[in-house]
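Working notes for the structure below.
Chain letters run A, B, ... following the sequence lines, proteins first, then strands; residues in each count from 1.
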2 protein chains.
Amino acid sequence: MGITKTDHFTGKQNELAVLAKAIGHPARIAILEYLMKVDTCICGDIVNEMPLAQPTVSQHLKELKNAGLIKGNIEGNAICYCINEEGFEKIKSFFQQIDNYTKNKKNDCC
Amino acid sequence: MGITKTDHFTGKQNELAVLAKAIGHPARIAILEYLMKVDTCICGDIVNEMPLAQPTVSQHLKELKNAGLIKGNIEGNAICYCINEEGFEKIKSFFQQIDNYTKNKKNDCC
DNA sequence: AAAGTTTATCGTAATATTGCAATATAAATA
DNA sequence: TATTTATATTGCAATATTACGATAAACTTT
């Protein structure tokens, strides 16, 4: 079908899935890494840094923004994108949960 | 196209993308949470806990296993699945990197 | 105003994902 | 050995994703 049955899962599970899914593409990871590297909002050359066509990069940026992992403002004829820490905060607790679990894990059969 | 241009990205970026993508589905998050909750390898009732048909759950388990997020052994006529901490270790450093960045972030225009 | 620059959107093709019914496989048990 | 139980695989339909050319939109510069 290709359609995810979100109705059957909790809001948190769906929210986390959206965030993880957004990270789940090498181009989007490369974009996030680039935004961290330059540490500035004059990011007009993201397209030049990517091995993808401009419309494709634009689409990936849109997805990152929709997921809440980056934020951006219009600045003249350039767009200013940067990391949105709020999005990452939401994922953090999930990984802390995993971390916590693995430290106290009792079973060891696998 | 639907095909990801993995060739143009680094091995790390692709590896991380695979892991994040595997987490990027509510059913797979629910499975991971369940495995943590029960903290045992007698996990034969994952299917009963999920609002999905048995073949669908089996497929999601397979994807989690392929990504290295869970591991499993055959135990009689039941399968023993549990969290594979190695997979999560690989993601951890990426989030630490993000965390580190947001703490020292200089720009604040967005 | 015209031309240039930069990013977004539209349309489309190719491939991937999701989900399930049907069936297969494999071990446990009667 | 036949039946039951539990998981995996196959095959398929519906939808989603990825990528890009063409074009639009919006601002800058000449």
Can you sort out the partners of Glu49(A) under salt bridge (Lys or Arg N to Asp or Glu O under 4.0 Å), two or more places apart, ordered by chain and number? none
Under the rule for side-chain contact (heavy atoms from CB on, under 4.5 Å), what residues qualify as partners of Gln97(A), not counting sequence neighbours? Phe94(A), Glu33(B), Met36(B)
Sequence neighbours left out, what passes side-chain hydrogen bond (donor to acceptor under 3.5 Å, both in side chains) with Thr6(A)? Give chain and number order. none
Can you list the residues that meet the salt bridge (Lys or Arg N to Asp or Glu O under 4.0 Å) rule with Lys103(B), with sequence neighbours excluded? Asp99(B)
Any residue in residues 22-33 of chain A with a heavy atom nearer than 4.0 angstrom to DNA chain D? Just list them by number, or reply none. His25(A), Arg28(A)
With a non-hydrogen cut-off below 4.0 angstrom, is Lys65(B) in contact with a base, only sugar-phosphate, or nothing? nothing
Produce the list of close N/O pairs, under 3.5 Å, pairing protein atoms with atoms of nucleotides 20-24 of chain C; give distances to one decimal.
from	atom 1	to	atom 2	distance (Å)
dC20(C)	OP1	Lys5(A)	NZ	2.6
dC20(C)	OP2	Ala53(B)	N	2.9
dC20(C)	OP2	Thr56(B)	OG1	3.1

Taking only residues two or more places apart in sequence, or in another chain, which ones meet Glu86(A) in a side-chain contact (heavy atoms from CB on, under 4.5 Å)? Asn84(A)
Please tell me if Lys21(A) has a side-chain N or O lying less than 4.0 Å from either OP1 or OP2 of dA16(D). no
So, taking the atom named CD in Gln54(B) and the one named CG in Asn48(B), what distance separates them when rounded to the nearest 0.5 Å? 10.5 Å
Residues touching DNA chain C, which here means a heavy atom under 4.0 Å, drawn from residues 8-19 of chain A: none
Taking CG from Asp7(B) and P from dA19(D), how many angstroms apart are they, rounded to a whole number? 11 Å
Name the residue closer to the 5' end of DNA chain C, choosing between Thr6(A) and Ser58(A) according to the nucleotide with the nearest heavy atom. Ser58(A)
Start at the 5' end of DNA chain D and walk down; is the nucleotide closest to Ile3(A) or to Thr4(B) reached first? Ile3(A)
Would you tell me if any nitrogen or oxygen in the side chain of Tyr81(A) comes within less than 4.0 Å of OP1 or OP2 on dT6(C)? no
Only pairs at least two apart or in different chains count here, so list each ring-ring contact (aromatic ring centres under 6.0 Å, His included) that has a residue in residues 3-24 of chain A. none
Walking DNA chain D from its 5' end, the first of His60(A) and Lys62(B) to be reached, judged by nearest nucleotide, is Lys62(B)
What integer distance in Å separates Met50(B):CE from dG19(C):P? 12 Å
For Asn66(B) and dT17(C), give me the distance from atom CG to atom P, rounded to whole Å. 11 Å
Show me, pair by pair, the donor-acceptor contacts under 3.5 angstrom made by side chains of residues 16-24 of chain A, not counting sequence neighbours?
none

With sequence neighbours left out, what residues match Glu89(A) under side-chain contact (heavy atoms from CB on, under 4.5 Å)? Lys92(A)
Starting at CD1 of Ile70(A), measure out to CD1 of Ile46(A) and round the result to the nearest 0.5 Å. 6.5 Å
Acceptor/donor pairs from residues 58-65 of chain B side chains to any protein atom, 3.5 angstrom cut, sequence neighbours excluded:
from	atom 1	to	atom 2	distance (Å)
His60(B)	ND1	Arg28(B)	NH1	2.9
Glu63(B)	OE1	Arg28(B)	NH1	3.1

Whole angstroms only, please: what is the CG-C1' distance between Asp45(B) and dA6(D)? 11 Å
Atom CD of Glu63(B) to atom C1' of dA8(D): distance rounded to whole Å? 14 Å
